[in-house]
Amino acid sequence: MLEIVAKQVDKQPIQDSSDWHRQLLLRMKNDLPGIRAAVLSEETHDLMNGLRSFRHRQRNTYGSDLDPVRVIELAREAVDLPILLKNDPDQLAKTLLK
């Protein structure tokens with residue numbers, strides 16, 4: 001969904017780079033004056049960025065290297081993500097339908 005907004009609404013696709021996920025999340029938490037409101041709330045951005053960062057650091061490590069406390073924290077936070085993602089696009093819809 002976020003990539004579609006970047007391409008179709010912003011008319012500025014995210015450049016393919018090693019940090020394109022971070023760039024996309026950052027763009028979506030900010031308003032683009034005259035184009036659209038923020039797509040992600042600060043809370044949703046922070047949660048998604050934390051998950052992205054953790055995944056980025058851990059994707060090449062083995063399970064034994066994981067910090068169990070951090071994994072449990074992220075799992076608890078991730079449970080809220082579908083609810084946040086469901087609510088955030090409402091602001092974008094209101095902006096686009098004006």
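Heads up: numbering here begins at 1 and tracks the sequence. Just so it is clear, the values below take in all heavy atoms, side chains as well, and ignore hydrogens, waters and symmetry mates.
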* Asked: What's the spacing between T44 OG1 and N49 CG if we round to 0.5 Å?
  -> 12.0 Å
* To do: Using a strict cut-off of less than 4.0 Å between a Lys/Arg side-chain nitrogen and an Asp/Glu carboxylate oxygen, indicate whether R70 and E73 qualify as a salt bridge.
  => yes
* Asked: Is there a side-chain contact between Q23 and M28 (heavy atoms, below 4.5 Å)?
  -> no
* To do: Give the minimum heavy-atom separation between W20 and Q15, together with the two atoms involved.
  => CB-O, 3.5 Å
* Asked: So D10 and R27, salt bridge (Lys or Arg N to Asp or Glu O under 4.0 Å) or not? Walk me through it.
  -> CA-CA 10 Å; D10 298 357; R27 186 191 301 176; 3.3 Å; yes
* Structure fact -> CG of L51 to CG of D46, rounded to nearest 0.5 Å, is 11.0 Å
* Asked: When rounded to the nearest 0.5 angstrom, what is the spacing between NE2 in H21 and CD1 in I14?
  -> 10.5 Å
* Is there side-chain contact between M1 and V39, with at least one heavy-atom pair below 4.5 Å? -> yes
* Just wondering, do D31 and R36 contact through their side chains at under 4.5 Å, heavy atoms? -> no
* **Single-linkage hydrophobic cluster I35~L25, side-chain heavy atoms < 4.5 angstrom** => yes
* Asked: Looking at side-chain heavy atoms only, is the closest gap between L2 and M48 below 4.5 Å?
  -> yes
* Asked: Say you draw a straight line from CG of L40 to CG of L24; how long is it, rounded to the nearest 0.5 Å?
  -> 8.0 Å
